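Following: one structure in structure tokens, then a few remarks.
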Amino acid sequence: MVSYKELGLANTREMFAKAIKGGYAVPAYNFNNLEQLQAIIQACVETKSPVILQVSKGARDYANINLLRNMAKGASEYAKELGCEIPIALHLDHGDSFETCKDCIDNGFSSVMIDGSHHSYEENIALTRKVVEYAHAYDVTVEGELGVLAGIEDEVSAEHSTYTRPSEVIDFVSKTGVDSLAISIGTSHGANKFKPEQCTRNAEGILIPPPLRFDILEEIEKKLPGFPIVLHGSSSVPQQYVKMINQYGGKLKDSVGIPEEQLRKASKSAVCKINIDSDGRLAMTATIRKILSEKPGEFDPRKYLGPARDALKEMYKEKNINVLGSAGNA
Ligand code: G3H
Ligand code: 13P
Ligand code: ZN
């Protein structure tokens with residue numbers, strides 16, 4: 001058993017309480033490798049932002065849980081070395097079973113998500129409750145989910161979204177004891193969040209997605225005043241990176257994200273954690289494609305992974321400052 005407290009990490013309780021009071025959202029950035037982690041820590045230290053390092057089941061399979069845990073420990077030491085002791089949580093993203101959550105808690109994670117949203121309501125409550133009982137014994141915080149996002153969550157793909165029903169949230173939160181609740185109000189996972197027929201086009205021909213359901217969010221806030229709400233699927237899919245990928249040999253079609261103004265508005269509400277993964281993938285891939293195409297003789301990975309890391313860092317800084325509002329709140 002390794003406690004996150006020995007690793008210099010924090011759970012999300014205090015982070016969320018401060019975020020709700022301060023009208024901002026804590027960034028939850030996914031990482032799978034060294035360069036992504038360096039970019040996240042550098043960006044969050046430079047903007048003095050708290051941060052949630054997110055590890056998906058896919059990331060665990062890709063990188064190994066022991067390596068990831070020690071990378072998070074290193075990240076907390078690295079942040080201090082860079083001159084700012086920011087709060088850092090290590091969080092399991094889309095935990096699919098009690099066993100996966102337990103394994104992460106036993107291996108130094110400070111926060112876990114149990115995603116029971118694909119089960120029946122009763123099964124979701126029972127599974128989430130079981131995880132909460134285990135996690136709270138170790139002061140680990142738990143995120144549950146009600147409602148289904150469209151798109152791909154790890155191996156589970158949902159063709160249609162189901163918005164969270166505000167009528168269920170009080171019952172779910174009180175029966176499970178979760179510390180935060182992920183909701184479905186129109187965000188979606190991946191870089192292809194919406195079909196073109198769901199969108200309108202602006203004067204430049206850019207696809208504009210349907211607006212988020214702020215009415216549902218407001219109803220949920222009224223039912224659960226001051227309770228931490230989480231938004232998954234919140235990449236904005238920067239069009240400059242989509243263009244760059246396509247310019248240098250990629251083929252990304254109809255990639256549309258959540259407009260930044262809508263995320264800014266959500267961050268000022270009870271939404272205190274915003275999940276972003278796809279934008280990081282786009283920024284890295286675009287940069288790597290450009291460099292490999294412009295310098296075909298290059299074969300030192302540091303020469304393309306280094307600039308990809310720098311592009312990622314700049315993008316995260318920009319998000320912390322202008323979108324989530326977490327900058328200056330470490
Ligand atoms: O919500 C899903 C995250 O973007 C993780 O994706 O399972 O491919 O690591 P992944
Ligand atoms: P994006 O695919 O929009 O980046 O969402 C990531 C996410 O929700 C991780 O849990
Ligand atoms: Zn997600």
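Atoms within a ligand are numbered from 1 in the order they appear, just like the ligands themselves. Bear in mind that the values here come from a model prediction, so they are computed numbers and not experimental data.
Within the 4.5 Å cutoff, side-chain heavy atoms of Tyr29 are placed close to those of Asn320. Between Thr187 and Leu149, some side-chain heavy-atom pair lies under the 4.5 Å cut-off.
Per-residue contacts place His232 under 4.0 angstrom from the following atoms of ligand 2 (heavy atoms of the residue considered): 8 (O), 10 (O). Of all atoms in ligand 2, listed by their number and element, those nearer than 4.0 Å to a heavy atom of His189 are 2 (O), 5 (O), 6 (C), 7 (C), 8 (O), 10 (O). For ligand 2, the atoms lying closer than 4.0 Å to a non-hydrogen atom of His94 are 10 (O). Which parts of ligand 1 touch Asp277 is read off a 4.0 Å heavy-atom cut-off, strictly below it: atoms 3 (C), 4 (O), 5 (C), 6 (O). Distances below 4.0 Å separate heavy atoms of Ile276 from the following atoms of ligand 2: 4 (O). When each atom of ligand 1 is checked for a heavy atom of Ser56 under 4.0 Å away, the hits are 5 (C), 7 (O), 9 (O), 10 (P). Short contacts between ligand 1 and His94, defined as distances under 4.0 Å to a heavy atom of the residue, involve ligand atoms 1 (O), 2 (C). Taking every heavy atom of Asp93 and a limit of under 4.0 angstrom, the matching atoms of ligand 1 come to 1 (O), 3 (C).
For the pairing with Lys313, the side-chain hydrogen bond (donor to acceptor under 3.5 Å, both in side chains) check across Gln38, Glu318, Glu46 returns one residue only, Glu46. Checked options Val230, Thr141, Val142; the residue passing with Thr12 is Thr141 (criterion: side-chain contact (heavy atoms from CB on, under 4.5 Å)).
A donor and an acceptor atom, one from each side chain of Asp179 and His136, are located under 3.5 Å apart. Remark: the Tyr316 side chain and the Gln42 side chain contain no N/O donor-acceptor pair separated by less than 3.5 Å. The closest side-chain donor-acceptor pair between Glu260 and Asn322, if any, does not fall under 3.5 angstrom.
In terms of N/O distances under 3.5 Å, ligand 2 is approached by Ser235. Any N or O atom pair closer than 3.5 Å counts here, and His189 shares at least one such pair with ligand 1.
With distances taken over non-hydrogen atoms, the option nearest atom 6 (O) of ligand 1 out of Lys57, Gln54, Arg281 is Arg281. Heavy-atom proximity to atom 2 (O) of ligand 2, evaluated over Gly257, Ser278, Gly280, is greatest for Ser278.
Counting protein heavy atoms only, atom 9 (C) of ligand 2 is closest to Asp93 OD2, 3.1 Å. In this structure, the protein non-hydrogen atom closest to atom 3 (O) of ligand 2 is Lys193 NZ, 2.5 Å. Nearest protein heavy-atom contact of atom 8 (O) of ligand 2 is Gly233 N, 2.8 Å.
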Hey, mind stepping through Tyr134 and Asp106 against side chain to side chain donor-acceptor pair (under 3.5 Å) and telling me if it holds?
-> CA-CA 10 Å; Tyr134 188 79; Asp106 294 351; 2.6 Å; yes
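Ion pair Glu218/Lys222 not flagged as a salt bridge, since none of the NZ, NE, NH1 or NH2 atoms sits closer than 4.0 Å to an Asp/Glu carboxylate oxygen. A salt bridge does not link Glu219 to Lys223: none of the charged nitrogens lies less than 4.0 Å from a carboxylate oxygen.
Note: His94 and His189 have perpendicular aromatic rings, judged against thresholds of 30 and 60 degrees for the angle between ring planes.
Neither the backbone nor the side chain of Ala191 comes within contact range of ligand 2; no heavy atom lies under 4.0 Å. At a heavy-atom distance under 4.0 Å, only side-chain atoms of Asn30, from C-beta outward, approach ligand 2.
Taking a 4.0 Å cut-off on heavy atoms, Arg281 fails to register as neighbouring ligand 2.
Atom ND1 is the N/O/S atom of His232 found closest to the Zn ion (ligand 3).
When NE2 of His189 and NE2 of His94 are joined through the Zn ion (ligand 3), the resulting angle is 100° to the nearest 10°.
Using a 4.5 Å cut-off between side-chain heavy atoms of Ile, Leu, Val, Met, Phe, Trp and Tyr, with links allowed through other members, Val237 and Ile208 fall into different hydrophobic clusters.
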